[in-house]
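Report on the structure given below.
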Amino acid sequence: MKTGRSKRLMKRAREVIPGGVNSPVRAFGYVGGQARFIRSASGARIEDEDGNRYVDWVASWGAVLVGHAHPVVLEAVRAAAARGTSFGAPTEAEIALAERVVELVPGVEMLRLVSSGTEATMSAIRLARGATGRERIVKFDGCYHGHPDHMLAAAGSGVATLGIPGTDGVPRAAVADTIVLPFNDLERIGSVMGERGGEIAAVIVEPVAANMGVVLPRPEFLAGLRALCDRHGSVLIFDEVITGFRVALGGAQARFGVIPDLSTFGKVIGGGLPVGAYGGRRALLERMAPVGPVYQAGTLSGNPLATAAGRAALGELTDDGFKVLAARAERLAAGIHDGLAEAGIAVQVPVVGPLVGLHFSTTPAVDYDTARTTDTARYGAFFHAMLRRGVALAPGPYEVAFLGLAHDDGVIDAVIEAAHGAGRDLAGA
């Protein structure tokens with residue numbers, strides 16, 4: 001496997017870009033080795049600058065559900081670009097994309113487009129605070145909601161310790177009103193809400209935690225959050241940047257039958273282009289400027305190329321298609337598990353819809369503490385063993401595999417075969 005050109009590009013990049021990358025996980029710091037610079041992609045495969053081809057399970061971190069360079073998406077973007085790439089003014093395409101999301105997602109009556117998932121989360125929290133007149137926020141350890149200061153809080157000790165900064169550069173004041181609690185622990189948040197419910201503006205959660213692998217909610221957890229927020233007048237926010245239009249056509253809220261007050265989106269709704277959105281109950285969204293007192297703006301929000309790509313991608317999705325994806329994901333998960341188990345390697349391969357996780361551990365992950373029991377060194381070894389066989393997993397042990405429409409049965413078979421070979425490599429090592 002050649003890496004020479006990628007090495008040269010990384011050396012060049014480090015001179016002008018911090019760490020040589022524009023998002024930290026791309027640097028391969030979690031798995032070691034040489035990061036690959038990507039030249040092109042089509043369908044389920046990517047090609048790096050050295051000419052190596054891989055089956056791609058990153059899929060632009062979940063954004064490319066319909067496959068790379070999908071002809072319908074490409075044609076929509078070409079047509080939009082021919083009319084102009086950005087206006088800073090309303091377009092019909094924005095309305096059409098918002099209408100499609102409102103049609104598909106149970107908890108969305110109105111939608112505001114932004115340019116990233118981080119921006120969507122930041123705006124949803126501001127709206128919740130403005131609507132309730134409260135300031136405190138509850139988030140869950142291990143759930144990632146982008147990089148607004150108030151979301152980069154690390155958990156402390158005790159039942160309801162307020163957040164402490166999770167990274168340099170975040171002032172203590174920014175996270176002083178963020179309460180960090182364990183995911184899936186309904187008793188813990190019930191106790192906190194009982195003591196401080198009148199102070200809490202919002203509870204924000206990934207309905208399926210997909211930034212510590214794949215951690216499913218316990219059967220009672222999401223419904224319990226809904227009931228607690230109703231009881232205490234807090235806003236329930238589902239961060240569906242990953243799960244939206246991935247675990248079901250209507251997102252996690254459709255799959256689990258629990259409707260939040262606000263939802264945040266990204267990834268799929270841009271069809272591979274940068275986009276984000278937040279939406280929810282009409283009474284809440286009508287508090288946003290220019291019709292209400294909560295301010296939020298974005299020069300490139302509703303970009304015509306992104307809205308065209310998003311509309312095209314969402315047009316390719318159907319309920320029947322998600323059934324096929326779910327069946328393929330189950331087969332992939334079982335094949336990876338069997339390949340590693342046959343080599344005597346303890347592994348958990350959780351799956352929900354077309355999201356597949358990988359925990360090198362003897363016990364399933366139910367929260368961040370148990371997710372962190374995964375053997376990260378073994379993940380790194382497995383990652384490189386798969387890469388040598390032409391399969392590109394996410395370069396981090398707490399990410400997921402994003403199965404999409406281009407991952408057909410032949411691709412699944414090839415990846416399962418690779419997993420068996422990688423398992424033998426790990427057992428031998």
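Worth saying up front: this structure is predicted, and the values here are computed from it rather than measured. We count residues from 1, following the sequence as given.
- Contacts of Thr370 classified as side chain to side chain donor-acceptor pair (under 3.5 Å), with partners at least two apart in sequence or in another chain: Asp367.
- In this structure, the side chain of Asn184 does not engage the main chain of Phe221 through any donor-acceptor pair within 3.5 Å.
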Please table the atom pairs, donor to acceptor, closer than 3.5 Å between any side-chain atom in residues 320-336 and protein atoms at least two apart or in another chain.
residue	atom	partner	partner atom	Å
Arg328	NE	Asp409	OD1	3.4
Arg328	NH1	His407	O	3.4
Arg331	NH1	Asp413	OD1	2.6
Arg331	NH2	Asp409	O	3.4
Arg331	NH2	Asp409	OD1	3.4
Arg331	NH2	Asp413	OD1	3.4

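- The minimum heavy-atom distance between Val400 and Gly213, with the atom names listed, is CG1-O, 3.1 Å.
- In this structure, CD on Glu342 lies 9.0 Å from CZ on Arg424, to the nearest 0.5 angstrom.
- Enclosure of atom CD in Glu187 is not indicated, since only 12 or fewer non-hydrogen atoms of other residues, nucleotides or ligands lie within 6.0 angstrom.
- The shortest distance between side-chain heavy atoms of Thr85 and Pro304 does not fall below 4.5 Å.
- Val235 places none of its side-chain heavy atoms less than 4.5 Å from the side chain of Cys229.
- Between Gly423 and Ala343 the shortest heavy-atom distance is O-CB, 3.3 Å.
- Under the rule for a ring pair (Phe, Tyr, Trp, His ring centres under 6.0 Å), Tyr278 has no partner lying at least two apart in sequence or in another chain.
- Evaluation of the side chain to side chain donor-acceptor pair (under 3.5 Å) test over residues 249-276, restricted to residues two or more places apart or in two chains, returns Arg226-Asp261, Asp239-Thr264, Glu240-Gln253, Gln253-Ser263, Asp261-Arg281.
- Residues forming a side chain to side chain donor-acceptor pair (under 3.5 Å) with Arg45 (at least two apart in sequence, or on another chain): none.
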### Query
side chain to side chain contact (heavy atoms under 4.5 Å, CB included) between His70 and Leu405: does it pass, once the steps are laid out?
CA-CA 10 Å; His70 191 285; Leu405 298 178; 5.8 Å; no
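- Thr243 is not listed as a side-chain neighbour of Val352, based on a closest heavy-atom distance of 4.5 Å or more.
- In this view, Asp185 satisfies the side chain to side chain donor-acceptor pair (under 3.5 Å) rule with no residue, not counting sequence neighbours.
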### Task
Begin with the C-alpha distance, continue with both residues' side-chain angles, and end with the deciding distance and a verdict on ring-ring contact (aromatic ring centres under 6.0 Å, His included) for Phe28 and Phe383.
CA-CA 10 Å; Phe28 275 40; Phe383 170 87; 5.3 Å; yes
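- Between Trp57 and Val356 the shortest side-chain heavy-atom distance does not fall below 4.5 Å.
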### Query
Given Gln296 and Arg126, is the side-chain hydrogen bond (donor to acceptor under 3.5 Å, both in side chains) satisfied, shown in steps?
CA-CA 9 Å; Gln296 175 267 320; Arg126 181 181 299 162; over 6 Å; no
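- The ring pair (Phe, Tyr, Trp, His ring centres under 6.0 Å) search around Tyr368 returns none, not counting sequence neighbours.
- No more than 12 heavy atoms of other residues, nucleotides or ligands shown are found within 6.0 angstrom of NE2 on His147.
- Asp149 pairs by the side chain to side chain contact (heavy atoms under 4.5 Å, CB included) definition with Val170, Pro171, Ala174, not counting sequence neighbours.
- Counting only distance, with no hydrogens or angles, the side chain of Glu15 and the backbone of Arg12 share no donor-acceptor pair below 3.5 Å.
- Side chain of Arg246 to backbone of Leu403: a donor-acceptor contact under 3.5 angstrom is found.
- Between Leu317 and Val268 there is a side-chain heavy-atom pair separated by less than 4.5 Å.
- Looking only at distances, no side-chain donor or acceptor of Asp375 sits under 3.5 Å from a matching main-chain atom of Phe360.
- Taking a 6.0 Å sphere around OH of Tyr295, one finds it holds 12 or fewer heavy atoms contributed by other residues, nucleotides or ligands.
- Annotation: side chain of Val415 is in contact with side chain of Met386 (closest heavy-atom distance under 4.5 Å).
- Side chain of Ser42 to backbone of Ala69: no donor-acceptor contact under 3.5 angstrom is found.
- For the pair Gln348 (side chain) and Ser361 (backbone), a donor-acceptor distance under 3.5 Å is present.
- With sequence neighbours excluded, the residues that form a side chain to side chain contact (heavy atoms under 4.5 Å, CB included) with Phe37 are Ser6, Leu9, Met10, Ala13, Glu49.
- Distance alone, capped at 3.5 Å, places no donor-acceptor pair between the His68 side chain and the Gly272 backbone.
- The minimum heavy-atom distance linking Ala313 with Val73 is given by the pair N-CG2, 4.1 Å.
- For Thr121 (side chain) and Gly117 (main-chain N/O), a donor-acceptor pair under 3.5 Å exists by modelled atom type.
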#### Entry: Step-by-step side chain to side chain contact (heavy atoms under 4.5 Å, CB included) determination, Val275 to Phe265
CA-CA 8 Å; Val275 73; Phe265 303 99; over 6 Å; no
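- Applying the side chain to side chain contact (heavy atoms under 4.5 Å, CB included) test to Ala381 and every residue at least two apart in sequence or in another chain returns Leu426.
- A heavy-atom distance below 4.5 Å is found between the side chains of Thr3 and Arg36.
- Looking at Asp50, its side chain does come within 3.5 Å of a backbone N or O of Gly4 through a donor-acceptor pair.
- Among all heavy-atom pairs drawn from Leu314 and Arg100, the shortest one is O-NH2, 3.5 Å.
- Across all non-hydrogen atoms, the minimal contact from Leu127 to Leu284 is CD1-O, 3.3 Å.
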### Query
Can you list the steps and then say if Phe402 with Asp56 is a side chain to side chain contact (heavy atoms under 4.5 Å, CB included)?
CA-CA 9 Å; Phe402 293 102; Asp56 178 28; over 6 Å; no
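- To the nearest 0.5 angstrom, Asn303 atom CG is 9.0 Å from Glu94 atom CD.
- Inter-residue side-chain proximity for Leu300 and Ser86 is flagged as met; some heavy-atom pair is nearer than 4.5 Å.
- Crowding of Glu417 atom CD: a count of heavy atoms from other residues, nucleotides or ligands under 6.0 Å not exceeding 12.
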### Task
Test side chain to side chain contact (heavy atoms under 4.5 Å, CB included) on Leu285 and Arg282 and set out the steps.
CA-CA 5 Å; Leu285 270 293; Arg282 180 177 298 274; 5.9 Å; no
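- With sequence neighbours excluded, the residues satisfying side chain to side chain contact (heavy atoms under 4.5 Å, CB included) with Ala394 are Val58, Trp61, Tyr379, Glu399.
- The closest donor-acceptor contact from the side chain of Arg188 to the backbone of Leu181 lies at 3.5 Å or more, if one exists at all.
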Mind listing the side-chain donor-acceptor pairs of residues 200-211 below 3.5 Å, one per line with the distance, residues two or more places apart or on another chain?
residue	atom	partner	partner atom	Å
Glu206	OE1	Ala210	N	3.3
Glu206	OE1	Asn211	ND2	2.9
Glu206	OE2	Tyr144	N	3.1
Glu206	OE2	Asn211	ND2	3.3

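- Nearest approach of Arg287 to Ala283, heavy atoms of both residues: CG-O, 3.7 Å.
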